[in-house]
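All chains are named by letter (A, B, ...) in the order of the sequence lines, taking the proteins before the strands, and each is independently numbered beginning at 1. Computed from a predicted model, the values in this text were never measured in an experiment.
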Amino acid sequence: MRSRVREAFHEVFTQLRAEGLDLPESVPLVLEKPRRAELGDLATNVALAVAKAVGRPPRALAEALCGALLALPDTPFAAVEVAGPGFLNLRVKDRVVLAVLGEVLAQGERYGQHPPVPGERVLLEFVSANPTGPLHLAHARGAVVGDVLARLLRAAGLAVETEYYVNDLGAQVLKLAASVRAAHLGEPPPEGGYGGAYVAELAQALRASAPALLDGPDGPLAERCVEEVLGGIRRTLDRLGIHFARFFSERSLGDGRLEATLDALASGGHLEARDGALFFRGGDTDKDRVLRKSSGDLTYFASDLAYHRDKLARGHTRLVDVWGADHHGYIPRMRAGLEALGLPGEAFEVLLLQMVKLLKDGKEVRMGKRLGNFITVDEVLDEVDEATGHPGAGRDALRFLILARSHESPVEFDLAVASAQSVENPVFYAQMTHARMCSILHRAEHSEELLPAREAGVLYVPDAPDPVLVEKLTLPEERAILAACDAFPELVREAAEARAPHRVAFWALEFAQGFASYFTRMQRVHDAPILPQKGVREADPGWVRAWDWETTRARLLWLRAVRQVYANALALLGVEAPTRMTRSAEP
RNA sequence: GCGCCCGUGGCUCAAUUGGAUAGAGCAUCGGACUUCGGAUCCGAGGGUUGGGGGUUCGAGUCCCUCCGGGCGCGCCA
């Protein structure tokens with residue numbers, strides 16, 4: 001529908017240009033849903049947006065557009081009205097709205113995906129948690145937001161690669177090795193070391209598999225520890241449904257790329273030796289930062305800069321990083337560094353994530369590095385899986401509840417809500433909606449009581465829309481839900497551009513709610529259930545002949561399309577779209 | 001002290017990047033239903049978008065200022 005409407009506008013734009021109207025080259029045509037359904041199917045503010053450039057009052061411009069749109073030889077509009085200061089309310093012809101059905105069914109799982117955008121190559125880096133311990137809840141947010149952003153950008157047609165940057169170098173990693181060694185010897189962890197249960201487990205595992213490492217030098221032990229911890233992290237990510245294209249080793253930059261980065265900065269005059277250390281000159285944008293400590297070790301900033309330089313050298317045109325909000329001060333530093341290297345600093349962008357709080361039994365579980373009581377992602381997943389009795393429930397709950405918030409807003413993860421098998425739980429509600437859709441289609445195709453109708457050949461789900469059936473879809477609710485389906489591809493593109501994965505979750509919830517509402521109205525208000533129900537069948541022995549099967553087939557077709565779009569949205573969120581909900585044991 | 005982010009009905013959050021009368025969900029109140037998947041559906045009340053000033057046809061959104069909160073400002077990562 002929207003593509004047809006856009007076409008019509010562009011025809012009118014060229015027409016008006018030919019008549020001498022000074023319209024800009026590209027006109028921003030924003031199509032939105034009108035506040036109230038009675039106003040029409042779509043609304044736009046183009047007249048207001050371009051009035052200044054054209055040099056005509058918005059209202060007059062809107063009138064001109066209105067007339068021209070309706071006068072088009074094959075106009076898709078049934079009505080166009082000017083409202084307020086110059087808004088256009090558009091009512092689209094039935095057949096154009098209903099064409100959405102055909103588009104959805106023809107494209108199936110690809111509905112909502114955009115054609116490739118040439119030129120852009122995105123490198124999305126996220127999680128990148130130090131391989132010194134298991135992932136905890138704060139990491140999960142970055143993991144989920146990053147993963148869905150990757151799916152979104154791909155759906156929007158961008159080439160995306162995902163990377164996890166592994167800090168397998170430096171003091172932290174050596175501390176891990178020292179901590180494991182201490183645990184092996186039954187000693188307390190060293191100053192600033194790690195003391196979680198996983199350290200003891202790691203020590204024990206190594207005792208069995210590679211005892212020589214525990215008594216050997218730090219280097220090989222550290223390497224092995226990182227390998228083991230990273231293995232655990234990858235298993236956790238796997239449980240979350242997240243798979244990286246690459247785990248990029250910080251240490252691998254030691255093959256010359258690190259030194260080359262420093263040389264490039266030096267030859268550009270951006271370095272300064274002072275107090276036995278090597279500083280990067282921040283210039284106007286940032287204060288001076290240390291690259292090489294007086295101890296001779298390189299800082300994290302040095303290798304991170306080399307890493308980001310490498311990303312660009314590999315041909316990526318856009319670098320998107322997902323960071324915790326506490327790292328925001330780091331952004332100007334990185335950008336200044338890239339620019340000093342002669343690289344485009346504006347290619348680098350960062351999504352900052354706010355905190356995640358964990359609620360257990362209604363109380364906040366305080367977590368902190370100093371407290372050493374981080375709840376791991378695995379523990380959260382286990383708890384929800386166990387409480388619900390469904391493996392995978394934890395993954396879906398964690399993903400959905402994280403995505404049901406803007407990333408720049410703090411989120412609370414309530415174990416009770418996440419585990420609830422009721423509509424109080426947004427995840428459950430979202431998934432049950434899909435199961436309901438499936439259930440009706442399943443009843444139509446398999447239920448015992450409708451067998452006579454199927455045998456008579458009147459009850460089946462058509463494969464493709466045909467004009468006779470489509471005419472049967474006359475309820476405003478059916479039209480409104482199709483309009484929501486029609487908006488989905490644009491939602492994908494806008495959410496991708498805004499780097500706002502949460503919009504997909506909001507869209508899904510609103511869609512689910514609209515479906516529940518309209519669905520109930522179809523039976524209660526319109527007295528128009530899709531399938532003949534018990535009362536009808538019992539009251540009239542000839543119900544198979546009396547029932548309006550064309551309308552039923554039309555609605556089943558409609559439902560198939562609606563379910564397809566909804567399933568595509570859930571797929572984008574990485575949440576399962578179950579065909580049925582297994583009842584829990586409660587009475 | 002300097003810098004960044006945030007402040008939206010009682011609560012939790014949106015708001016298509018400057019567009020119409022700021023929207024949902026909980027909660028409260030009223031009504032309907034109790035058969036296609038689970039307390040569902042319809043409606044009502046509730047707001048000076050922290051305060052003030054400015055920019056323009058138009059501001060929750062941009063600028064200034066004050067108040068309140070979070071974070072950062074290390075030869076840590």
Side-chain angles (χ1 to χ4, degrees), chain A residues 30-36 39 43-45 48-49 51-52 57-59 83-87 89 128-130 132 167 170-173 192 250 274-279 286-287 289-301 303-304 324-332 352 354-355 404-406 408-412 414 421-424 426 428-429 432-433 435-444 447 449-450 487 490-491 493-495 497-498 500 502-503 506 509-510 513 516-525 529-536 538 580-581 583-584 586:
Chain A
V30 178
L31 296 175
E32 45 187 10
K33 189 171 112 182
R35 286 260 176 274
R36 293 184 304 277
L39 292 177
T44 178
N45 68 341
L48 288 148
K52 192 173 282 180
R59 180 94 201 176
F87 287 92
N89 288 324
S128 298
N130 278 345
T132 51
N167 299 116
Q172 301 305 315
V173 168
E250 177 183 10
R274 192 198 310 157
D275 307 329
L278 191 61
F279 284 77
D286 196 32
K287 58 194 272 191
R289 306 287 179 181
V290 173
L291 288 170
R292 193 193 300 278
K293 306 182 229 175
S294 51
S295 66
D297 294 330
L298 290 166
T299 60
Y300 183 86
F301 176 45
S303 58
D304 213 6
D326 53 340
H327 286 67
H328 70 80
Y330 202 78
I331 300 172
L352 293 176
Q354 291 297 324
M355 298 292 113
R405 281 279 183 289
S406 155
E408 52 203 14
S409 174
V411 67
E412 281 180 358
D414 189 328
Q421 309 247 47
S422 75
V423 293
E424 311 300 314
F428 184 85
Y429 185 69
M432 188 188 70
T433 299
R436 280 182 83 178
M437 294 169 177
C438 292
S439 166
I440 294 154
L441 289 165
H442 188 266
R443 273 169 53 88
S447 72
E449 63 270 20
L450 296 174
E490 285 191 13
L491 167 91
R493 196 171 36 73
E494 282 164 8
E497 270 168 17
H502 70 278
R503 283 199 197 159
F506 277 97
L509 278 178
E510 198 181 320
Q513 201 186 321
S517 164
Y518 295 150
F519 194 69
T520 304
R521 285 173 60 82
M522 275 165 86
Q523 5 177 3
R524 307 271 167 90
V525 179
I530 293 177
L531 300 170
Q533 297 180 343
K534 199 176 175 188
V536 172
E538 284 175 354
R580 64 196 180 89
M581 306 298 277
R583 274 174 203 276
S584 54
E586 61 190 289

Engineer: Is any side-chain N or O of A:S439 closer than 4.0 Å to OP1 or OP2 of B:G37?
Structural biologist: yes

Engineer: So, does A:S303 use its side chain to make a donor-acceptor pair with the main chain of A:Y300 at under 3.5 Å?
Structural biologist: yes

Engineer: What is the separation between atom CD on A:Q421 and atom C1' on B:G38, rounded to the nearest whole Å?
Structural biologist: 10 Å

Engineer: In whole angstrom, give me the gap between the C1' atoms of B:G69 and B:G31.
Structural biologist: 42 Å

Engineer: Polar atom pairs between nucleotides 8-13 of chain B and protein, under 3.5 Å, N or O only, would you list them?
Structural biologist:
residue	atom	partner	partner atom	Å
B:U12	O2'	A:R405	NH2	2.3
B:C13	OP1	A:P410	O	3.3
B:C13	O5'	A:R405	NE	3.2
B:C13	O5'	A:R405	NH2	3.4

Engineer: Would you say B:G25 has OP1 or OP2 under 4.0 Å from some side-chain N or O of A:Q513?
Structural biologist: yes

Engineer: Using a strict threshold of under 4.0 Å (side-chain N to carboxylate O), is an ion pair present between A:R405 and A:E412?
Structural biologist: no

Engineer: Phosphate oxygens OP1/OP2 of B:A15: is one of them under 4.0 Å from a side-chain N or O of A:H502?
Structural biologist: yes

Engineer: Detail all sub-3.5 Å separations between protein N/O atoms and N/O atoms belonging to nucleotides 73-75 of chain B.
Structural biologist:
residue	atom	partner	partner atom	Å
B:C73	O2'	A:K287	NZ	3.4
B:G74	OP2	A:K287	NZ	3.1
B:C75	O2	A:S294	N	2.8
B:C75	O2	A:S294	OG	2.8
B:C75	N3	A:S294	OG	3.1
B:C75	N4	A:D275	O	2.8

Engineer: Measure from CE on A:M355 to C1' on B:C6 and round the result to the nearest Å.
Structural biologist: 13 Å

Engineer: What stems, by residue range, does RNA chain B take part in, given at least 3 consecutive Watson-Crick or G-U pairs under 3.5 Å?
Structural biologist: B:1-5 with B:69-73, B:10-13 with B:23-26, B:28-32 with B:40-44, B:50-54 with B:62-66

Engineer: Please report, rounded to the nearest Å, how far the C1' atom of B:U40 is from the CZ atom of A:F428.
Structural biologist: 14 Å

Engineer: I'd like to know if A:D326 reaches the base of B:A77 with its side chain, counting only an N/O donor and acceptor under 3.5 Å.
Structural biologist: no

Engineer: Determine whether any donor atom in the side chain of A:H328 lies under 3.5 Å from an acceptor atom in the base of B:C5, or the reverse, and answer yes or no.
Structural biologist: no

Engineer: Can you measure A:R59 atom CZ to B:A20 atom C1' for me and round it to whole angstrom units?
Structural biologist: 12 Å

Engineer: How far does the P atom of B:G52 sit from the matching atom of B:C67, given to the nearest Å?
Structural biologist: 15 Å

Engineer: NA contact type, A:Q533, heavy-atom cut-off 4.0 Å: base, sugar-phosphate, or nothing?
Structural biologist: base

